[in-house]
Structure formats: structure tokens, C-alpha cells
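In what follows, every chain begins at residue 1, and chains take the letters A, B, ... in the order their sequences are listed. These numbers come from a predicted model, not from an experiment. The figures that follow rest on heavy atoms only: side chains count, while hydrogens, waters and symmetry mates do not.
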2 protein chains.
Amino acid sequence: MRRSSVGIREVAEAAKVSMMTVSRAIRGVEGVSEKKRAEILRIAKKLNYVPNSNARSLAVENSNLVGISLPTFANDVFAEILAGMRGTFEGAGYASVIDTTEYSPESEQRWVERLLTWRPAAVILTGIDHLPDVGQKLRSAGIPTLEIWDVTADPIDICVGIDHEAAGYELGRYAVTLGYQSPAYVGAPIGRDRRADARLRGIKRAFDEGPCSHPIRVAGRPERHAFGAGAAGIDELLQESRPDVVFFLNDHMAFGGMMACGRHGLRIPQDIGVVGFNALDLTTVLPVPITTAKTPRRQMGVVGARNLLARIHGVATERTTTLPITLIAGETTRGE
Amino acid sequence: MRRSSVGIREVAEAAKVSMMTVSRAIRGVEGVSEKKRAEILRIAKKLNYVPNSNARSLAVENSNLVGISLPTFANDVFAEILAGMRGTFEGAGYASVIDTTEYSPESEQRWVERLLTWRPAAVILTGIDHLPDVGQKLRSAGIPTLEIWDVTADPIDICVGIDHEAAGYELGRYAVTLGYQSPAYVGAPIGRDRRADARLRGIKRAFDEGPCSHPIRVAGRPERHAFGAGAAGIDELLQESRPDVVFFLNDHMAFGGMMACGRHGLRIPQDIGVVGFNALDLTTVLPVPITTAKTPRRQMGVVGARNLLARIHGVATERTTTLPITLIAGETTRGE
DNA sequence: GGAGATTACGTTAACGCTAACGTTATTAAC
DNA sequence: GTTAATAACGTTAGCGTTAACGTAATCTCC
């Protein structure tokens, strides 16, 4: 004989109707006269009735929770993707259970496992590389799943993103066209971020295909933060010799690198070219605009969420959606 | 007669024990022999058993979800606070339901209302200003609540943060000591961010108390992003006259402002002083270090989460915890 | 070797809600 | 004025789990 909190039953008693009528009134479904519905809602409010989502989800065998897994919050990129998605989901009445993996596949797997106990309406993962268990569990649970930020022809369920290898190639190609001949790359240790690795592959391919092939020097070791890592990368490169153009993993690192160049007395773009990635807000206020690639982050979130909502409602959607990037040309003294 | 998925019952049948024994085995509580427990776990894994948190939460009348409400993701500050909290909560087995209010109290209230239907173990709100309903509902639901980033003597439940007015005062006092006489402030429209408003009050007080009182010119209109807003603020100020020191709402805006100063041919710190807030990573790579205040963001998250966990377990903790900030002196040509 | 304590289970009844179906009023149709 | 259709409710059972209590077996100690 527990019972103390006010539930649908207490409201029903107070309103002298059945529990089912209260349930209907509160959910706003058909089968209750407008007069009675208003009366019930009034009483529910008076009694401070708070619906119990746990009970509801148990009864209907699903929830209005969506799980979202990101590598990290310490990067505006994911914040913007997230903002795009959440706007759409909030409007549809879903709440977001969010996790950050800190780039650890094991951590992602553990989280998915825990998440599944909540019977979420959908799951969103970042990237297309997961432990085999993850895809298998999501598939066998039949949960609509969106992979975002990267694309593959064979997603777990559906995916929306950009082609990172092609993006890298486009940036590399542009640099080749401008006549750069001793390129370098500053990023994270290979293997930590598969998207970054793909971009580097694209850059390399562009230089291999160029009029004459140029090897790329690769630098970059883990640092406390991206700005420092970019600066440290430049320091590392300059110990040996001066490249004529440096590609960075992203704009954060590019900015750190720029500052380091300044310390070393190198002018941009006269002495050294700088290429970033993402076209963050930061780059719009720089005195010297750098070359970068604008990624459709917000749009990605919106399109992804929309497709996923369609999947939830059983509407068929494209399994793979690749969004275009836009090359932003920085200031340069070369070419054309 | 629904039933199809595998629950505790199916596992029990397969293992030829009662449901209760399975429940005990899975939760790892006493009352099952080690041999039987191992056998049950083996069978559960074989049947792909996935616990149902909805049913569990319904039965025990609470969940292992914590709700976290932030103003926005578009600010490293909140990302770091969040990281500090989540580390602690993940370890304790809680999942985070996260919301961003975009600085709208109404949005926060709607979210709290929805969240309460999940019977969360705890709720974390940013700041101490909420619609009256919010505190009232959380209190009457008896849910441990943490207010973070700002402090008050009368929190909803407990709070951990910094004293923004005092922080502003400290920064202002420092500038007064250096002899600055025509200060200006660039921020968001008053009323949007109460913490920023409090800091501005502190800065004003410092200048009012100075050897001789100096009025502060206030600029700042909404922009697409913080960097642009900082730059626009400088443009706006310079249309009239040149202040000798400019306080910015935060480091992001300070950086935008610095870039704008460069455009206008103003050197820092010779022609104009720049003061930011937060000591973001960004400021560590600048060619000219600016004055700013280091806020203990990660620590705030950790301490907050720890206190909240104590509250959840019924351990009494201080209601209000104020953490200290550290003034970071930038480069300057004045004073001392 | 028997009273008491302990261990290892099983039974029963909730937790709050909703799907499915059943029942009673009300209206419409001829 | 009877029948058929519809709207507006009520009953019942079940969602998967756990708390509380019950029972049987084993152990402990003098």
C-alpha cells in the first residue's frame, strides 16, 4: 500500500470519471467531450498532477528520448551540429540524452548499451566508425539510427554528412593550383580522428596528382588544447625547414599556427600559406583571411534530424545524404 | 497477450528460477549464490536480454537520469562546466538529459516541466534567475537541484559558482590602479545575461570608487556571433572617441575587439587596453596577452556534481559554494 | 541436538499508464 | 418509432520491474 503522489487515478477520483477518460483528456486524444476535458485539465492542474513518462513508456514500449553521442563539446563544430538537430527534435516533443565519447569507441559502446535500456525513439552517433557491437545492437533493437558528420554507402541505418576525403582533396587541389610546392600538415596523431585522417589522405592525393608530386611533411602531437597544438606544430616544422603552405586539422589549430608564425617573424601569406578547416566564426575577424572549407554544420543537423524523424514515423528516406562544402579562398600572393 | 521481447521473465524461464532471482542476479544484490548468478548472466547474454529502465524507474519511483540545462553550447565556458559535471556523473552511473535555453527563461521552464515527467534523480540549472514556477516545482517534487555558475544566499536547493559582481569589481579595480580614466564596456544588451550585467555593475563600482569617478561608456548590440559583436562594439565606440581601456563581456568578444583595434591602427596596450573574461585557451596564444579573469569552470562542474551526488544520497552539504577567480594581468604600459 | 541465526531462494502485489474492447447514451435515418 | 450509427465514456489486463514478505534448507553454538 504505497501510493501518495498524485497520478491519473487521483485526478480521476477528484473529477468523478474513469482513469481512462483522464488519460484521454491529458493526451488530447479523441473520445472526451470538450467540456469534460477542460474540467479534467483544471483539476489536474489544481492537484499538481505531473505525468509519469516512465509508466507511459513502459505501457507503449517506447519513449520520446533521443540519444545523441558526440566526440566532445570542446569544439564549436559539434555544438553547431547539435544545435541544428535539437531545434528540430525539441519542436517534435523529444528530449535529448547526450553523451560525449572523447573519441573513445569503447566509451561510445558502453553508452549505447546503457541508452538502450531506456528504449529511445532514436539514436544519433557521430561518424561512421564504431565498434561492431554498436551497429549490431542498434539494428537488432530496430532503433532508427543516424550517423552524422561523415558518410558511407553502408550506414547502420541512415547517415548525413560530408565527404572528408573529397574535402581534403579540394583544398589540396586549390593549393596545387596556386603553385605551392612544399606542403606540410599539422593535425592530431593519426588514428585518433578518422575524419581528419580522411582529409589528410585527400590533401596527399591532390599533391601526388599535381604537375609534379610533392611529399607532405606531417607534424602534430597532442597538446592541452587545439590552439596550442597548432602553434606547437609550426614550431616543430620550422625546426627543420620552412614549408610554403601548411594545412591544419581545423581552424582552431590554424589560428594557433598563425600566431606561432607571427612569433617566428613569418608573414601570411607572403612567407607561408595557411589552410584551415570548417570556416569557424573566428576566421571572419582575422586581419588576414585564411583559406578554409565551410562545412554545412547547422544544415547537417537539421537535415539529419528531419530524416531521422521521417524514419521514426516509418517514412522511407535516403540512406546516405552527402552535403557539399564550400571552399573559402584566403588571401594569397600566388597563382592566377 | 502482447509480449515478444525478452525480459526478466524469459530469462527466468530459461534458467529455471524465479524472476526475482534473475532480478537480484542482474542488479548484483545479495541473495543469489555465485554459481547461480554466473549461470543467469550467461543465459541473459545469450538471450540478448536488455534491461528496461522504464520499468525499473516505475517500480522504484526514480530514475538515474540527471537533467542539465545550459544557456547555449556556443560557448566553451559551458562546455567545460559540463565536462566537469559529466565526468563525475558518468562514473556514478547516471545519464544526462541536456537542454539549452538560448537564454530564454520560458524555454527553461517548459523544459523543466517536461523533464519532471521522467522523475530525474537530480536537476542542474545554469544561473540563479529562473521563473518562479521552476523553483517551486522542483522544490515540491523534492528533487535535488544544483544551480551553477552564479551564486546566491538563497538557492532553490544548492548552488556552486563565482561572484560575478565581485569579479567585475576586481577587474575594474585593477584597471583603476593602472590609471585608466576613460573606460568603456562592450557586451550584450542589458538583461539578456544576468551574470554579464553583474560583472558590469562591479566594473562600474570600481570606477565610481576610484580616486575620481569616471563614467563608463557602454556599447554592444546583438551580432551573428561573439567575435563579430566584439569587433562591432569597438567600431561603435570609436565613432565617438577613443576610450583608454575597454572591458568586454568575455574573451571571445575581446578577441573580436582586438582585431577591430588592429584594423583601426590602434596598438595594444600602447593605445588602448583590452580586458576580457574567462581566460579561454584562445588567450594563451595571442601575441599580446590581455587582462582577463580565470574562472574555475571545470572545478565548478566537478564540485557541483560532487555536492549534488551527496545531496542525492541524503548527505548534507553547504547550500552555497563560492569559488575564487584568478586575475590574469595582461601586457600594459601603465602603472606600477 | 535443538533453538536461533543465516542463506538462498520463491510469491505476491504493486508502480502509473494505456491498448483493446465493452457499454451506455445520443443522434441520425427512414 | 424503430433501427443503425456514432460519440462518450468505463473495465480489464498487461507493460517489465522490484519491495516486502514468506519459506525451506543449512549452519552455528553451547
>> I'd like to know if B:R195 pairs up with B:D150 as an ion pair, taking the criterion as any Lys NZ or Arg NE/NH1/NH2 lying under 4.0 Å from an Asp or Glu carboxylate oxygen.
In response: no
> Given atom CZ of A:R27 and atom P of C:dA20, what is their separation to the nearest angstrom?
Replying inline: 11 Å
>> Can you see if the side chain of B:T21 gets near the phosphate of C:dA8 - specifically, an N or O under 4.0 Å from OP1 or OP2?
In response: no
>> Between C1' on C:dC15 and CG on B:L58, what's the gap in Å once rounded to a whole number?
In response: 4 Å
> Taking B:I156 as the fixed residue, which of B:V123, B:L125, B:I128 is the one that meets the side chain to side chain contact (heavy atoms under 4.5 Å, CB included) rule?
Replying inline: B:L125
> Are the ring centres of A:F78 and A:F73 closer than 6.0 Å?
Replying inline: no
> Closest to the B:S5 side chain: C:dG16, D:dG16, C:dA20?
Replying inline: D:dG16
>> What is the distance, to the nearest angstrom, from the CG atom on A:N52 to the P atom on C:dT18?
In response: 10 Å
> Expressed in angstrom and rounded to an integer, what is the separation of B:Y49 atom OH from D:dG16 atom P?
Replying inline: 10 Å
> Counting just side-chain N and O atoms, does B:R9 come under 4.0 Å of either OP1 or OP2 of D:dT17?
Replying inline: no
> Looking at residues 28-44 of chain B, who's got a heavy atom less than 4.0 Å off DNA chain D?
Replying inline: none
>> Using the rule side chain to side chain contact (heavy atoms under 4.5 Å, CB included), only one of A:V134, A:T145, A:D133 pairs with A:V112; which is it?
In response: A:V134
> Any side-chain N or O of A:S18 less than 4.0 Å from the OP1 or OP2 oxygen of D:dC9?
Replying inline: no
>> Here's a test of your reading of the structure: between B:R56 and A:R24, which maps to the more 5' nucleotide of DNA chain D?
In response: A:R24
> Which atoms form the tightest heavy-atom contact between A:E147 and A:D157, and what is the distance?
Replying inline: OE1-N, 4.2 Å
Tabulate below the donor-acceptor pairs under 3.5 Å that side-chain atoms of residues 88-99 of chain B make, not counting sequence neighbours, or state none.
unit_1 : atom_1 : unit_2 : atom_2 : d
B:T88  : OG1    : B:G84  : O      : 3.4
B:S96  : OG     : B:R86  : NE     : 3.3
B:D99  : OD1    : A:R86  : NH2    : 3.2

>> Rounded to whole Å, please give me the gap between CE in A:M19 and P in C:dC17.
In response: 7 Å
> What nucleotide among C:dG16, D:dG10, C:dA19 has an atom nearest to a side-chain atom of A:V60?
Replying inline: C:dA19
> Once you round it to whole Å, what is the distance between P of C:dG16 and CZ of B:R119?
Replying inline: 8 Å
>> If I compare all heavy atoms of A:T100 with all of A:P71, which pair ends up nearest, and what's the gap?
In response: CB-O, 3.8 Å
> Do side-chain atoms of A:S57 reach the backbone of A:N62 as a donor and acceptor pair under 3.5 angstrom?
Replying inline: yes
Return the polar atom pairs (N/O with N/O) between nucleotides 24-27 of chain C and the protein under 3.5 Å, or none.
none

> Roughly how many Å is it from CG in A:N62 to P in C:dA19, rounded to a whole number?
Replying inline: 10 Å
>> Applying salt bridge (Lys or Arg N to Asp or Glu O under 4.0 Å) to B:K137 and B:E113, what does each step give before you reach the verdict?
In response: CA-CA 8 Å; B:K137 281 200 166 123; B:E113 216 155 303; 3.4 Å; yes
> Whole-Å distance between D:dA19 P and B:E61 CD?
Replying inline: 11 Å
